[in-house]
Protein chains: 2
Amino acid sequence: MHFETFTMSENLLSMMSSDTIKLSKSDKKIVTIIQRNPKQVIHYSIATLAQMAEVSEPTVNRFCHKLGCDGYPDFKLKLAQQLSSGSHLFVDNMERNDDTYTVMQKIMESIQSSVQLIGKSTSPESINQAASLLLDCNSVSFFGMGASGPVALDAQHKFFRFGMPVIAHTDYINQRMICSMLNEKDVSVFISYTGRTEAIVESARLARDRGAPTIGLTRDGSPLASCCNVVLNAVTAEDTDLFTPMTSRIIHLALIDMLATTVALRMGDQLEENIKAIKTNLRATRRLS
Amino acid sequence: MHFETFTMSENLLSMMSSDTIKLSKSDKKIVTIIQRNPKQVIHYSIATLAQMAEVSEPTVNRFCHKLGCDGYPDFKLKLAQQLSSGSHLFVDNMERNDDTYTVMQKIMESIQSSVQLIGKSTSPESINQAASLLLDCNSVSFFGMGASGPVALDAQHKFFRFGMPVIAHTDYINQRMICSMLNEKDVSVFISYTGRTEAIVESARLARDRGAPTIGLTRDGSPLASCCNVVLNAVTAEDTDLFTPMTSRIIHLALIDMLATTVALRMGDQLEENIKAIKTNLRATRRLS
DNA sequence: TCACAAAATGTAATTAACTTTCACTTTGGT
DNA sequence: ACCAAAGTGAAAGTTAATTACATTTTGTGA
């Protein structure tokens, strides 16, 4: 839940708007100036900002401390980082008359912040545990439906290249059939952002009841999560109707990349042989002109 | 190719390594310290950095000016911005003994910078043109093989929800059959990161020869690109054996999101009806407990 | 409405950070 | 070996940021 790399207590700009912290009258004057043009503020001295907000310098300084910064220079630094890391995004939903450039920016920012969130919400331990299961099994099955169907297929493709006996099921009937045949050496991975898709939850329960190790690519605390031995927690930055279906798939793919890479690194030499074999075969299908 | 949002004269870190500027002996000592841990340097005072590099404070100051900064604080600010904008990442490939946390970080950073790159390498115009084609056609087909197969299926799912007559083909034989039957009202979208997959390039040529509008989700200048009426340029930040296959899919998905959203916004009211219908039907498959 | 404590704010002093000046040292060319 | 040019650092100068403390404002209960 907390694996900060670049210390980033919180998003300063959103902190100022939302009332996570109690702001005095003077503080609000400061906020106004900052919000008017954050990119410029980072070049102001404390004196300049104080003057513009029509408050005293110590007030600005205290304001910075309230926001969890170590002083004014530290505040400027953090603000600068957040502005250029894209973690500012108030990314409101699309507007009917957004131009394409704006649409691109909003989607990019939405992805950015969701990716950043992985580092905070998904623990390396869970990935390690999942990797251990995958390294010690006879077969792997990925299950996904709807938007998660392509994710399951992508996972299949990825692990398939490692030379693992893997298969993806996007078909409800097939899922049921497979799940009722699993045993304790058959790992199954269930993919669902909401973790509430009836069919997937039932399949997961079926698998677990048969003693097969189950991995959930879903959000912690969901019905699906409670049927899984290991959960790779997948949440997106903001749960808006429009952005979630976009970013959730991408987050799932990113998690699969992490899982696959971890597995690959642990496989060591054995893997390189497999990869090399596939690459050689693939070359024939490419045109070099 | 150039849609910068935040002005950014140059990349400081690369400026230090490459000899774009003449560095003295003392300067090099400073560079060493900075490169050793850039993220930490931004919290140093000029005195601290000077001491660590075993040079005087004025030397550090002059060094900053050489790099085109307005002084030491300005240097720190710019460095901080660049570090968190992702324009740094040397993200070297995975190391055999990276721990899982490091793996996660590397993958995250790799995605981050590739996503940012979309804004610079893919033009809104190309997306607009592609959207126009999709809005004025009788059917849409997505073509992808290998790692791009799931991407095609994902696109299918997305546009399917808009109520468009769409189908994804991941099968070589089917692709050929479909392509030889297309006409000028059938849009086809070809997905390939390298743009060199023989089968896809041939299909695209087939489609174009029949007068069908073709869209390429590939890199500019590739063989596939030259067979397409519209190209959505997809490149990833660094072309390493390990990262490219990860980020390329994600970039493709992001571009599809942008395309789909643009189409959706232009469809307007008509769309909302379709989405609403699907949502209502979907609710029955969820468990609410 | 007044009194009073608590919070907020500003003034002024202090401290820290950064920059400039200038004298000294090193470097590279003759 | 000499000398100019470039590089460097000590110390002074300047600016910026913080702290300490006095003043004002705000809110609460008699």
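Naming convention: chains lettered A, B, ... in sequence-line order (proteins, then strands); numbering from 1 in each chain. Not measured: the values here are computed from a predicted model. Hydrogens, waters and symmetry mates are skipped; everything else that's a heavy atom, side chains included, is used.
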Please answer whether the main-chain N or O of [Y] pairs with a side-chain N or O of [X] as donor and acceptor at a distance below 3.5 Å.
X        : Y        : answer
A:Asp74  : A:Asp70  : yes
B:Ser114 : B:Ile111 : no
A:Ser121 : A:Leu117 : yes
B:Thr48  : B:Tyr44  : no

Is there a residue in residues 46-56 of chain B whose heavy atoms reach under 4.0 Å of DNA chain C, and which residues are they?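 Here the set is B:Ile46.
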Ignoring hydrogens and angles, state whether a donor on the side chain of [X] or [Y] is under 3.5 Å from an acceptor on the partner side chain.
X        : Y        : value
A:Ser132 : A:Arg266 : yes
B:Thr100 : A:Asn128 : yes
B:Thr236 : B:Tyr193 : yes

Can you check the B:Lys28 NZ to C:dT27 C1' distance for me, whole Å?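 So the two atoms are 13 Å apart, to the nearest Å.
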Would you mind reading off the distance between A:Lys76 atom NZ and D:dT18 atom P, rounded to a whole angstrom?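 Atom NZ in A:Lys76 sits about 10 Å away from atom P in D:dT18.
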Could you go over nucleotides 20-26 of chain C and give all protein N or O partners under 3.5 Å, atom names and distances?
none

Tell me whether the OP1 or OP2 atom of C:dA7 has a side-chain N or O from A:Lys22 closer than 4.0 Å.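 Answer is no, no contact under 4.0 Å.
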Between A:Ser26 and C:dT9, is there a side-chain N or O to OP1/OP2 distance below 4.0 Å?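 A:Ser26 to C:dT9 OP1/OP2: side-chain N or O found under 4.0 Å.
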Taking only Lys NZ, Arg NE, NH1 and NH2, and the carboxylate oxygens of Asp or Glu, determine whether A:Asp257 and A:Lys158 approach each other closer than 4.0 Å.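 Salt bridge present between A:Asp257 and A:Lys158.
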Among D:dA17, D:dT8, C:dG10, which nucleotide has an atom closest to any side-chain atom of B:Ser24?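 Of all the options, the side chain of B:Ser24 is nearest to D:dT8.
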